[in-house]
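In what follows, a single structure is set out as structure tokens and then discussed.
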Amino acid sequence: MTTAYDFNFTSIEGKPLPLKQFSGHPVLIVNVASKCGLTPQYEALVQLYHDLKEQGLVVLGVPSNQFMGQEPGTNEEIQTFCSTTYGVDFPLTAKTDVKGETAHPFYQWMKAELGEPAEPVWNFHKLLIGKDGKALQAFAPTVAPEALEIKAAIDGALAT
């Protein structure tokens with residue numbers, strides 16, 4: 001049976017980023033962009049990561065330029081923006097396609113597992129995988145990282 005741990009990304013630094021390195025941890029995977037109206041969600045994502053990383057939560061940012069070109073920069077520019085503007089210290093992937101025929105295989109798998117709600121419709125779409133690498137839930141871009149429904153899903157994932 002396929003799990004999220006069967007997929008690999010490339011880190012924003014250009015190194016291999018196998019999801020299996022997060023085995024045993026719930027992971028909130030968020031496609032991000034630097035020039036979006038939702039970009040301030042980075043603040044809440046950093047806070048969420050800091051609040052729950054000791055309990056095992058991983059937040060993984062996946063920069064994507066598929067939504068009105070709102071992530072135009074290079075990987076280096078994206079990393080600099082994220083760290084200097086929002087203090088992002090959770091892992092980031094290299095710029096990646098997250099929807100459609102060119103979507104990264106992880107995103108294709110999530111859509112197959114959870115259906116249409118798992119395909120990003122905009123920046124800051126959130127996907128939660130459990131400690132065992134199973135697809136758990138998808139959250140629309142407008143659902144803030146601090147929303148009760150995300151917190152409840154993460155708490156449930158941490159408890160199992």
Roughly how far, to the nearest 0.5 Å, is [atom2] of [Y] from [atom1] of [X]?
X	Y	atom1	atom2	result
Tyr49	Leu57	OH	CG	8.5 Å
Leu92	Leu60	CG	CG	7.5 Å
Lys95	Thr74	NZ	OG1	7.5 Å
Phe90	Leu28	CZ	CG	9.0 Å
Trp109	Leu127	CH2	CG	9.5 Å
Phe139	Ile150	CZ	CD1	5.0 Å

Heavy atoms, side chains only, cut-off 4.5 Å: are [X] and [Y] in contact?
X	Y	answer
Val30	Leu45	yes
Val62	Ile29	yes
Thr96	Ser64	no

Does a donor on one side chain sit under 3.5 Å from an acceptor on the other, for Glu13 and Ser11?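 Indeed, the side chains of Glu13 and Ser11 share at least one donor-acceptor pair under 3.5 Å.
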Could you check whether Gln79 and Asn75, counting side-chain N and O atoms only, form a donor-acceptor pair closer than 3.5 Å?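 Looking only at side-chain atoms, Gln79 and Asn75 do not form any donor-acceptor pair under 3.5 Å.
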Go through the steps for Met110 and Phe106 under the test side-chain contact (heavy atoms from CB on, under 4.5 Å), then give the verdict. CA-CA 6 Å; Met110 284 295 288; Phe106 167 79; 3.4 Å; yes
Could you list all the side-chain hydrogen bond (donor to acceptor under 3.5 Å, both in side chains) pairs where at least one residue sits in residues 126-150, not counting sequence neighbours?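 Of all non-adjacent pairs touching residues 126-150, those that pass side-chain hydrogen bond (donor to acceptor under 3.5 Å, both in side chains) are Gln41-Lys126.
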Can you tell me which residue pairs pass the side-chain hydrogen bond (donor to acceptor under 3.5 Å, both in side chains) test with a partner in residues 20-40, sequence neighbours excluded?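 For residues 20-40, and leaving out neighbouring residues, the side-chain hydrogen bond (donor to acceptor under 3.5 Å, both in side chains) pairs sorted by first residue read Ser34-Glu71.
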Which atoms form the tightest heavy-atom contact between [X] and [Y], and what is the distance?
X	Y	result
Leu52	Ile154	CD1-CG2, 3.7 Å
Pro26	Leu128	CB-CD1, 4.5 Å
Pro120	Val98	CD-O, 3.3 Å

If you count every heavy atom of other residues, nucleotides or ligands that lies below 6.0 Å from Gln55 atom CD, does the total exceed 12?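 Above 12, so yes.
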Tell me if the aromatic rings of Phe22 and Tyr5 count as close, with their centers under 6.0 Å from one another.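 Judged by ring-centre distance (under 6.0 Å), Phe22 and Tyr5 do not meet the cut-off.
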Presence of salt bridge, Glu119 and Lys111, under 4.0 angstrom: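 Looking at Lys111 and Glu119, the cut-off is met.
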Whether His104 and Tyr107 hold their rings parallel, tilted or perpendicular, with breakpoints at 30° and 60°: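 Perpendicular, since the angle between the ring planes exceeds 60°.
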Is Asp89 reaching over with its side chain to a backbone N or O of Ser83, donor-acceptor style, under 3.5 angstrom?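 The answer is no, because no donor-acceptor pair under 3.5 Å joins these two groups.
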Okay, side chain of Thr85, backbone of Cys82: is any donor-acceptor separation there less than 3.5 Å?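 Between the backbone of Cys82 and the side chain of Thr85 there is no qualifying donor-acceptor contact (under 3.5 Å).
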Not counting sequence neighbours, list each pair that qualifies as a salt bridge (Lys or Arg N to Asp or Glu O under 4.0 Å) and has a residue in residues 151-160.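 Salt bridge (Lys or Arg N to Asp or Glu O under 4.0 Å) check on residues 151-160 returns Lys151-Asp155.
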